[in-house]
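All chains are named by letter (A, B, ...) in the order of the sequence lines, taking the proteins before the strands, and each is independently numbered beginning at 1.
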Amino acid sequence: MEEAKPLNFLEEIVSKDLAQGKHQSILTRFPPEPNGYLHIGHAKSICLNFGLAKRYGGATNLRFDDTNPVTEDTEYVDSIRNDIKWLGFDWVDEFYASDYFDQLYAFAVELIKKGLAYVEDATPEEIAAMKGTPTQPGTNSPCRSRSVEENLDLFERMKNGEFKEGSRTLRAKVDMASPNMQLRDPLMYRIKFAHHHRTGDKWCIYPMYDFAHGQSDAIEHITHSICTLEFSSHRPLYNWFIEQLNLFPSTQYEFARLNLTYTVMSKRKLLQLVNEKHVTGWDDPRMPTISGLRRRGYTPESIRMFCDKIGVAQRENLIDVSLLEFCIREDLNKTALRRMVVFNPLKVVITNWPAGKVDMIESENNPEDETAGTRLVPFSGEIYIEQDDFMENPPSKYFRLGIGNYVRLKAGYIIKAESVIKDEQGNVTEVHCTYEPNSRSGEDTSGIKAKGTLHYVSAAHAIPVTVREYDRLFKVENVAATDDDFRTLLNPDSLTIVENALAEPAFLDDDTNSRYQFMRKGYFTLDKDTEGKNLIFNRTVTLKDGWAKAGN
RNA sequence: UGGUCUAUGGUGUAAUUGGUAACACGUCUGUUUUUGGUACAGAAGAGUCUAGGUUCGAGACCUAGUGGACCAACCA
């Protein structure tokens, strides 16, 4: 048996709550605002919320936190639902904060009647001034002493659209001197004559996050409301509303959000990258969005593995993107079909190969998985290898092709370079080799030990393909830590397009699997831009490369 | 002249007070290999931010200091 993994702090809380009978079962929720696409940081939250429920036999709601109609859109709702499902999770109920607008309005009236909320006439600037600062207490607004009747009347007229946008708000009467800024009479409602994606034009007042989130949790009887650290200071307010309104005691817990090296995680910045066309869209394979990672070739399994490995705690963190890359390699190594693709072709002529002969060689689709079967690879007297795989005067540790040394062509024969042909500039344009007829893979009686094995394509059979090589989006590890405009830190080499790579023909009749390992290159996936036979591949991640790392 | 949270190898996460700190990624060696991949074997790397205190005993508890994060949007 495997050793039990230690519980994270949230699992400890849940298991204790269950053991002590505080709850019979648990209900969590994933509460995105539909104002952008989900990213890998959301994946952490999704895995946490759904994972916790799954582990302890509970369930999870999907609830869209749609209290700000000016930034929200159904396009985002659709993408969010799609991404969660793709990640492999199912919600028991789908709700919207806007489902509760009537109830929330009634809650507000109740608080007014209890003398715990009042209509504010001050401008945003005046309200900010009265709030004080973290080190100085705020001052009470003149409106704070309005009568219940007047507040009731004004709030109803706010709802009825009698006042201009921005002219009045509803505030909770808590404590203007609290050291916690969130408690200094926070806003509950503001006037917005905006069309809502679900409620249409029914409302012209919309609740703020603080007056919607906790109550929504309580209405749904969420037992454990898990959010990120920056909401810690909202927790007393979250509890205050629930207590004053006497609702189901949902409880908020906070964890540290995910930060990843060489990328940004703020929705605002991601939106900016999209709007300013630094990337092609939310699903650009360089984006840390779920849709971007999907298009890049990441699997749901690899993302879940990653979320599992990074753990959950309450301290700030910056995860090395190499861990994410490890997770996708780990997954794809076991599942991706092996294929050969030459990116920078160098012609090799095998001078002793019988004219016109084509040998169809059987090659395994995946050495890690016998059930993946085999395919046939054409081998002929004219092939292409990678320019990097030949050196006229190789150093001693180089075990690829060089004049006078042997190399194995994957699944094929052993060849030896004899001579080169050069152009006027002295560049090698063709390598002439001889092959060992009795070295065919599987029936090799030559006794020759070739140091290296190369990938290649047969010139007459190769198909041209386009390869998009993606690299990290930013040049610096910790993008958020610098004061510079983050856009100046973009990596100019985040995308390299190889227009005429040459691929073995097996791609043409393979529609079973869209994720491949291009041997000795990396993992690649077919892009949706592919039309007909013009195949376009995205590089998901390179293979680990000890040779390159050693400084070659 | 505030409040809250936080501090363990390069990174992330453990160690639920009783053997000079474990696991993963990364790094470095070596073996195997028809992928310089994978697999396998091994190594280096922290003495737990600092100072006090409690205790027979502190990475853990307490106090203070220091560093970091968050809080003053009619955003969430």
Side-chain angles (χ1 to χ4, degrees), chain A residues 3 5-8 12 31-33 35 65 67-68 70-72 120 123-124 127-138 165-171 178-184 187-192 205-206 208-210 212-213 227-236 254 256 261 267-268 309-327 329-330 333-334 338 340 363-364 367-368 397-400 407-412 414 439 441-442 444 450-455 477 517-522 542-550 552:
Chain A
E3 247 178 69
K5 214 184 155 197
L7 302 182
N8 66 47
E12 273 178 14
E33 183 189 12
N35 69 345
D65 227 332
T67 57
N68 185 4
V70 306
T71 59
E72 293 156 9
E120 174 64 77
T123 65
I127 291 174
M130 286 188 287
K131 278 229 166 132
T133 69
T135 54
Q136 283 178 309
E165 191 162 309
S167 64
R168 285 183 218 266
T169 54
L170 185 72
R171 298 178 74 176
S178 171
N180 182 346
M181 298 296 289
Q182 309 301 334
L183 263 21
R184 320 246 263 228
L187 267 52
M188 295 163 58
Y189 269 94
R190 76 287 216 193
I191 301 170
K192 274 183 196 284
I205 56 171
Y206 291 94
M208 300 289 290
Y209 166 85
D210 285 306
H213 200 97
C227 62
T228 47
L229 245 33
E230 64 269 28
F231 291 98
S232 298
S233 61
H234 295 243
R235 189 176 352 111
E254 309 90 14
T261 55
K267 269 203 257 182
R268 198 202 96 238
K309 284 184 178 295
I310 58 177
V312 182
Q314 286 184 297
R315 71 184 95 114
E316 296 291 319
N317 61 80
L318 179 63
I319 309 280
D320 196 322
V321 72
S322 67
L323 182 60
L324 218 209
E325 294 176 342
F326 165 81
C327 292
R329 288 192 187 108
E330 183 87 346
N333 178 47
K334 299 189 189 96
R338 271 56 171 176
M340 293 195 281
S363 187
E364 59 207 345
E368 309 292 319
K397 286 237 174 121
Y398 186 85
F399 40 91
R400 302 180 187 178
V407 92
R408 161 77 64 184
L409 291 173
K410 174 68 187 175
I414 289 174
S439 67
S441 257
D444 184 352
K451 270 189 292 184
T453 301
L454 307 185
H455 64 280
E477 222 174 47
Q517 183 196 100
F518 291 1
M519 296 202 73
R520 307 205 302 134
K521 286 291 191 183
T542 61
L543 251 30
K544 282 215 286 189
D545 188 348
W547 175 244
K549 194 155 44 186
N552 296 287

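- Look at A:Y209 and the base of B:A76; the rings do not stack under the cut-offs of 5.5 Å between centres and 30° between planes.
- For B:C25, the OP1/OP2 oxygens have no side-chain nitrogen or oxygen of A:K544 closer than 4.0 Å.
- Nucleic acid contact class of A:G166 (heavy atoms, under 4.0 Å, all strands): base.
- Between B:U27 and A:K549, a contact under 4.0 Å exists linking OP1 or OP2 to a side-chain N or O.
- Taking only distance into account, the side chain of A:Q517 meets the base of B:U35 through a donor-acceptor pair shorter than 3.5 Å.
- A:R329 contributes a side-chain N or O that, together with a main-chain N or O of A:T542, makes up a donor-acceptor pair within less than 3.5 Å.
- A sub-4.0 Å separation between OP1 or OP2 of B:G37 and a side-chain N or O of A:R520 is absent.
- Heavy atoms of A:R235 sit nowhere under 4.0 angstrom from any nucleic acid atom.
- Residue A:R315 places no side-chain N or O under 4.0 Å from the OP1 or OP2 atom of B:G12.
- Under the 3.5 Å distance criterion, with hydrogens and angles disregarded, no donor-acceptor pair is assigned to the side chains of A:S178 and A:N180.
- In terms of phosphate contacts, A:S363 brings no side-chain nitrogen or oxygen within less than 4.0 Å of OP1 or OP2 of B:U34.
- Here A:R338 does not reach the OP1 or OP2 of B:G37: none of its side-chain N or O atoms lies under 4.0 Å away.
- Between A:K544 and A:E325 no salt bridge is recorded (no basic side-chain N to carboxylate O distance below 4.0 Å).
- Taking every side-chain heavy atom of A:L323 into account, B:C25 is the closest of B:A72, B:U35, B:C25.
- In this structure, A:K192 reaches the sugar-phosphate backbone alone: every heavy-atom distance under 4.0 Å involves primed, P, OP1 or OP2 atoms, never a base.
- Residue A:P32 is classed as having no contact, given no heavy-atom separation below 4.0 Å to the nucleic acid.
- Applying the 4.0 Å criterion to OP1 and OP2 of B:U6, one finds that A:Q314 has a side-chain N or O inside that range.
- For A:Y398, taking side-chain heavy atoms from C-beta onward, the closest of the listed nucleotides B:C75, B:G36, B:U13 is B:G36.
- A:E316 contributes no side-chain N or O that forms a donor-acceptor pair with the base of B:G12 under 3.5 Å.
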